[in-house]
Asker: 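One structure, as structure tokens, below. Some questions next.
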Amino acid sequence: MTSNIIVTTGIYDAIKDTLRRKKVSIGEEKRLAEELRKAKQVRRRDLPADVVTVDRKVTLKDHTQNLENEYIFVSSVQAKPKKNKHSIFSEMALAVVGYKVGDIIDWPFKDGERKIEILKVEPWKG
């Protein structure tokens, strides 16, 4: 598992803003704050292709619920969950943003702790 997440400076700042506005649960807030302290910030062009970020199609396996799903993570204004376009600030996106293919994350979701594995990350052009 990746020890430090890799995010663009824009995503880093946006997540910090989400924390300031108290838009997440206490468990998520603690975890995100901890991850941001150790995060590596890079420019968009320097972000590895296999890292979860905005405008990426991501295949995830939820080991807790034994489900595999594909998500398209987009900006909040482009989010249309019925069309599988989820905000980069959705609960699932915040759990995996900055992680890369092969990482397994234990995350404190609102409905309880779950183990999520990143199977595939692809570029997505809307």
Side-chain angles (χ1 to χ4, degrees):
M1 183 168 113
T2 304
S3 56
N4 299 337
I5 62 171
I6 304 170
V7 292
T8 62
T9 301
I11 293 290
Y12 178 92
D13 291 342
I15 293 172
K16 282 196 77 113
D17 187 54
T18 298
L19 293 176
R20 264 194 302 278
R21 295 170 182 239
K22 304 284 187 199
K23 301 260 182 179
V24 295
S25 71
I26 292 170
E28 290 171 304
E29 180 181 0
K30 287 179 184 176
R31 181 67 184 272
L32 284 167
E34 175 187 318
E35 289 187 352
L36 288 179
R37 274 194 292 281
K38 300 182 292 182
K40 178 180 178 184
Q41 292 183 60
V42 299
R43 292 186 189 140
R44 177 87 177 165
R45 69 174 180 254
D46 297 329
L47 191 69
D50 65 344
V51 170
V52 177
T53 193
V54 70
D55 293 330
R56 301 262 166 103
K57 183 164 59 168
V58 182
T59 305
L60 302 173
K61 175 153 186 165
D62 182 331
H63 288 277
T64 307
Q65 298 178 344
N66 200 26
L67 295 172
E68 193 173 302
N69 288 303
E70 193 174 84
Y71 297 84
I72 298 168
F73 294 130
V74 296
S75 68
S76 294
V77 295
Q78 293 178 302
K80 292 183 176 79
K82 288 183 179 175
K83 293 187 176 186
N84 201 29
K85 296 177 190 172
H86 302 272
S87 166
I88 194 65
F89 303 112
S90 66
E91 190 175 25
M92 183 59 75
L94 287 173
V96 298
V97 69
Y99 285 99
K100 64 180 177 42
V101 172
D103 285 343
I104 298 174
I105 304 107
D106 290 312
W107 192 258
F109 286 91
K110 289 177 180 109
D111 62 355
E113 186 89 13
R114 290 175 23 205
K115 185 183 290 282
I116 306 295
E117 181 178 3
I118 302 170
L119 301 177
K120 190 191 309 184
V121 176
E122 303 170 89
W124 181 81
K125 300 273 187 232

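What you are looking at is a predicted structure, and each value in this text was computed from that prediction instead of being measured.
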Asker: Quick check: closest heavy atoms across Gln65 and Asp111, and the distance to 0.1 Å?
Answerer: NE2-OD2, 4.2 Å

Asker: About how many Å separate CH2 of Trp107 and CE of Met92, when rounded to the nearest 0.5 Å?
Answerer: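 Taking CE in Met92 and CH2 in Trp107, the distance rounds to 11.0 Å.
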
Asker: Can you see which heavy atom on Asp55 is nearest to which on Gln78, and at what distance?
Answerer: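 Distance-wise, the nearest heavy atoms are OD1-OE1, 3.9 Å.
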
Asker: Does atom NZ (Lys22) have a neighbourhood of more than 12 heavy atoms from anything else shown, all under 6.0 Å?
Answerer: no

Asker: Rounded to the nearest 0.5 Å, what's the gap from NZ on Lys80 to NZ on Lys85? Could you check?
Answerer: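 The distance works out to 5.5 Å.
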
Asker: What are the two closest non-hydrogen atoms of Thr53 and Val97, and how far apart are they?
Answerer: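 Heavy atoms of Thr53 and Val97 come nearest at CA-CG2, 4.3 Å.
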
Asker: Would you sort out whether Lys16 and Asp13 count as a salt bridge (Lys or Arg N to Asp or Glu O under 4.0 Å), showing the intermediate values?
Answerer: CA-CA 5 Å; Lys16 282 196 77 113; Asp13 291 342; over 6 Å; no

Asker: Tell me whether Leu60 is reachable from Ile72 by hopping between hydrophobic residues (I, L, V, M, F, W, Y) whose side-chain heavy atoms are closer than 4.5 Å.
Answerer: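 They do not share one cluster, since no chain of ILVMFWY contacts under 4.5 Å joins Ile72 to Leu60.
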
Asker: Does Val74 belong to the same Ile/Leu/Val/Met/Phe/Trp/Tyr cluster as Phe89, with side-chain heavy atoms less than 4.5 Å apart forming each link?
Answerer: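 No, because Val74 and Phe89 fall into different hydrophobic clusters, even though each may have its own neighbours under 4.5 Å.
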
Asker: What are the two closest non-hydrogen atoms of Val101 and Leu119, and how far apart are they?
Answerer: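 Closest pair (atom of Val101, atom of Leu119, distance): CG1-O, 3.5 Å.
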
Asker: What do you reckon, is CG of Asn66 surrounded by more than 12 foreign heavy atoms closer than 6.0 Å?
Answerer: no

Asker: Is there side-chain contact between Glu113 and Thr64, with at least one heavy-atom pair below 4.5 Å?
Answerer: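 Answer no - side chains too far apart.
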
Asker: Look up atom CD1 in Ile105 and atom OH in Tyr99, then write down how far apart they are to the nearest 0.5 Å.
Answerer: 6.0 Å

Asker: Using the side-chain contact (heavy atoms from CB on, under 4.5 Å) rule, pick out the option among Lys57, Arg56, His86 that qualifies with Phe73.
Answerer: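 The passing option is His86.
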
Asker: Please say yes or no: joined through hydrophobic side-chain contacts below 4.5 Å, possibly via intermediate residues, are Ile15 and Ile88 part of one cluster?
Answerer: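 Yes, same cluster.
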
Asker: Would you call Glu34 and Lys38 a side-chain contact if the rule is heavy atoms closer than 4.5 Å?
Answerer: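 Side chain of Glu34 against side chain of Lys38, heavy atoms only: contact under 4.5 Å found.
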
Asker: Do you know the tightest heavy-atom contact between Val54 and Arg44?
Answerer: O-NH2, 3.3 Å

Asker: Looking at every non-hydrogen atom in both residues, tell me the closest pair between Ala93 and Ser87 and how far apart they are.
Answerer: CB-O, 3.4 Å

Asker: So Lys100 and Ile118, side-chain contact (heavy atoms from CB on, under 4.5 Å) or not? Walk me through it.
Answerer: CA-CA 7 Å; Lys100 64 180 177 42; Ile118 302 170; 6.0 Å; no

Asker: Once you round to the nearest 0.5 Å, how far does OG1 of Thr18 lie from CD1 of Ile11?
Answerer: 9.5 Å

Asker: Kindly say whether Arg114 contributes a backbone atom to a donor-acceptor pair with the side chain of Asp62 at under 3.5 angstrom?
Answerer: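 Answer holds: no.
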
Asker: Are Val7 and Val121 connected in the hydrophobic side-chain network, where two residues link if heavy atoms are under 4.5 Å apart?
Answerer: yes

Asker: Assess whether salt bridge (Lys or Arg N to Asp or Glu O under 4.0 Å) is satisfied between Arg31 and Glu35, documenting all intermediate values.
Answerer: CA-CA 6 Å; Arg31 181 67 184 272; Glu35 289 187 352; 3.1 Å; yes

Asker: Between atom CG of Asp17 and atom NZ of Lys23, what is the distance when rounded to the nearest 0.5 Å?
Answerer: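 Here the rounded value is 8.5 Å.
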
Asker: Donor-acceptor check, side chain of Thr59 to backbone of Glu70, threshold 3.5 angstrom: yes or no?
Answerer: no

Asker: Roughly how far, to the nearest 0.5 Å, is CG of Asp103 from CG of Asp50?
Answerer: 8.5 Å

Asker: Check whether any side-chain N or O of Gln41 sits under 3.5 Å from a backbone N or O of Tyr12 as a donor-acceptor pair, and report yes or no.
Answerer: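 Between the backbone of Tyr12 and the side chain of Gln41 there is no qualifying donor-acceptor contact (under 3.5 Å).
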
Asker: Could you state whether Leu94 and Trp124 fall into the same hydrophobic cluster, counting links through intermediate Ile, Leu, Val, Met, Phe, Trp or Tyr residues with side-chain heavy atoms under 4.5 angstrom apart?
Answerer: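 In one cluster: no.
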
Asker: Heavy-atom count around Ile26 CD1 within 6.0 Å, excluding the residue itself: above 12?
Answerer: no

